[in-house]
Engineer: 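Got a structure for you, questions after.
Residue numbers start from 1 in every chain, and the chains themselves are labelled A, B, ... in the order their sequence lines are given, proteins ahead of strands.
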Protein chains: 2
Amino acid sequence: MLDAAVQVFSRRGFHAANMDEIAELSGVSKPMVYAYLGTKEELFVACLQRESMRLVDNLQAAADPTLPPDQQLWQGMRGFFEFVGAHRDGWSVLYRQARNQHPFSVVVNAMRETVLEVITDRLDAAVRAEGRQAKSEDITAMALTLVGASESLADWLADHPEEDAGRTATRLMNAVWLGAEQLLRGELWRPGQE
Amino acid sequence: MLDAAVQVFSRRGFHAANMDEIAELSGVSKPMVYAYLGTKEELFVACLQRESMRLVDNLQAAADPTLPPDQQLWQGMRGFFEFVGAHRDGWSVLYRQARNQHPFSVVVNAMRETVLEVITDRLDAAVRAEGRQAKSEDITAMALTLVGASESLADWLADHPEEDAGRTATRLMNAVWLGAEQLLRGELWRPGQE
DNA sequence: CAATAAACTTACGCGTGCGTAACCTTACGT
DNA sequence: ACGTAAGGTTACGCACGCGTAAGTTTATTG
């Protein structure tokens with residue numbers, strides 16, 4: 001039933017989606033949808049909450065703080081891309097439909113804020129491990145870069161079912177870990193032993 | 001009159017915006033809006049076209065093919081961030097409202113595709129200048145990374161008026177040109193002489 | 001096997017907002 | 001002055017879709 005809602009919201013967007021279609025796809029009548037899941041807004045929020053929980057779970061399951069920073073980063077990215085690949089509709093609802101639509105944006109942005117905090121903390125720890133320290137706004141900018149680049153590749157992944165989550169994560173590592181300069185010179189980052 | 005529309009669409013989104021409000025903010029009556037700019041959809045598309053033209057103009061005005069690749073990249077980014085800083089409502093309408101809303105997404109995605117092509121060509125040229133060649137999908141991934149990271153920082157910039165376009169571009173250069181690895185070690189990329 | 005409650009459906013009231021018909025008013029030629 | 005047209009406004013028809021009242025079937029209990 002939630003699955004049906006996610007599917008319809010993904011295809012049509014919040015406004016264009018109508019409750020009759022969701023009910024029909026669920027195989028029940030409209031008043032049942034209202035009885036179980038409340039209004040259209042409440043239903044949408046329920047979808048958002050389930051999908052964002054899945055996303056964050058996938059990120060954190062991939063976190064192993066004992067590994068070196070690049071491995072941690074790669075694993076986090078792979079977890080994220082695996083969620084996107086496995087739940088394309090969920091991704092679409094979260095980032096293409098809800099992200100900028102009041103009042104749903106607050107839910108999504110809260111989740112994005114959480115993700116940003118996690119990454120910021122990791123970066124900070126990695127810098128400290130080098131015996132250095134960086135301005136917090138520089139760390140923030142780096143985290144924003146990582147998240148934005150991930151979202152962009154995620155969108156691409158969502159539209160290319162043939163692509164593999166691990167390969168996508170590796171591509172992103174090459175871009176953001178080594179940097180464009182190294183890449184132009186032919187250097188490559190490779191995932192270590194699993 | 002278009003300005004008023006962009007402002008309202010930016011604040012409310014396409015669906016929540018109503019023509020009465022746009023008319024009132026324009027200082028004319030509703031039938032006049034219809035007379036000059038057509039239906040709500042046509043009006044929205046007109047906004048999109050103006051803003052996307054501005055954005056692309058800003059990107060290309062900043063292009064100087066004689067400079068080394070990193071300088072070209074930085075100038076392109078700065079041009080882009082300057083557009084965002086100067087037209088926050090326009091940015092909001094393009095990327096937060098229209099990007100995933102049929103049938104407007106086709107307009108925005110066409111523009112994004114153009115930008116991606118420009119960047120892809122530049123990257124390709126830079127790789128060739130090093131006497132190397134890369135798989136096209138790797139170049140594509142790098143371009144997607146650059147664009148995604150730019151969008152993420154642009155969104156951040158749009159909500160932080162105190163921030164400077166040039167500084168944002170420099171931050172992004174540090175992240176994507178040098179790479180996170182260099183950055184953790186304390187290296188910094190700096191814009192050359194202007 | 002009636003009486004009643006639970007589970008579900010059909011059919012509709014109602015608000016909202018797009019797009020326009022009908023109406024007004026100011027300028028201009030005759 | 002007066003017909004007429006350009007340029008404007010007010011007021012409304014209409015479709016759409018959310019949420020629910022009223023009605024119907026299926027289960028349950030004395």
Engineer: Just verifying a value: how many Å separate B:Leu55 CG and B:Phe83 CZ, rounded to the nearest 0.5 Å?
Structural biologist: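 Answer for the CG-CZ pair, B:Leu55 versus B:Phe83, is 4.5 Å.
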Engineer: Given atom CE of B:Met19 and atom P of D:dA15, what is their separation to the nearest angstrom?
Structural biologist: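 Rounded to the whole Å, the gap is 20 Å.
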Engineer: So that I know where these two stand, are A:Trp91 and A:His87 an aromatic pair - ring centroids less than 6.0 Å apart?
Structural biologist: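 No: the rings miss the under 6.0 Å criterion.
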Engineer: Can you tell me the distance, in whole Å, between the CG atom of B:Asp20 and the C1' atom of D:dT9?
Structural biologist: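 Interatomic distance, CG of B:Asp20 to C1' of D:dT9: 13 Å.
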Engineer: Just checking B:Glu137: does its CD atom have more than 12 heavy atoms from other residues, nucleotides or ligands closer to it than 6.0 angstrom?
Structural biologist: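 Yes, the 6.0 Å shell around CD holds more than 12 heavy atoms from other groups.
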Engineer: Contact class for A:Ala23 vs. all strands (heavy atom < 4.0 Å): base, sugar-phosphate, or nothing?
Structural biologist: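 Here A:Ala23 touches no strand at all.
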Engineer: Would you call the rings of B:Phe44 and B:Phe104 parallel, tilted or perpendicular, taking 30° and 60° as the class edges?
Structural biologist: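 If you compare the ring of B:Phe44 with that of B:Phe104, the planes turn out perpendicular.
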Engineer: Just the rounded figure in Å: distance from P of D:dG19 to CE of A:Met32.
Structural biologist: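 Result: 15 Å.
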Engineer: Using atom CD of A:Glu24 as one end and atom C1' of D:dG17 as the other, report the distance to the nearest whole Å.
Structural biologist: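 Distance check: A:Glu24 CD to D:dG17 C1' gives 15 Å.
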Engineer: Give the rounded distance in Å between these two atoms: CZ of A:Phe44 and C1' of D:dC18.
Structural biologist: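 Rounded to whole Å, this separation is 16 Å.
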Engineer: Within the 4.5 Å heavy-atom criterion, are B:Leu144 and B:Thr140 side-chain neighbours or not?
Structural biologist: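 With C-beta onward as the side chain, the pair touches.
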Engineer: Mind calculating the distance between NZ (B:Lys40) and P (D:dC16) to the nearest angstrom?
Structural biologist: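 After rounding, the reported distance stands at 15 Å.
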Engineer: Students should find this one: the first and last nucleotides of DNA chain C, 5' to 3', lying under 4.0 Å from a heavy atom of chain A. What are they?
Structural biologist: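 Terminal contacting nucleotides, 5' to 3': C:dC8 to C:dT10.
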Engineer: Check this for me: does the side-chain of A:Lys30 come within 3.5 Å of the base of D:dG19 through a donor and an acceptor?
Structural biologist: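 Answer is yes: a donor-acceptor pair is held.
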Engineer: Would you say a side-chain N or O of A:Tyr34 is under 4.0 Å from OP1 or OP2 of D:dG17?
Structural biologist: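 Negative; the distance criterion is not met.
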Engineer: Using whole Å, what does the distance between atom C1' of nucleotide D:dG19 and atom OH of A:Tyr36 come to?
Structural biologist: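 Rounded to the whole Å, the gap is 18 Å.
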Engineer: State plainly whether the residues A:Arg12 and A:Glu21 are in salt-bridge range, i.e. N to O under 4.0 Å.
Structural biologist: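 Salt bridge: yes.
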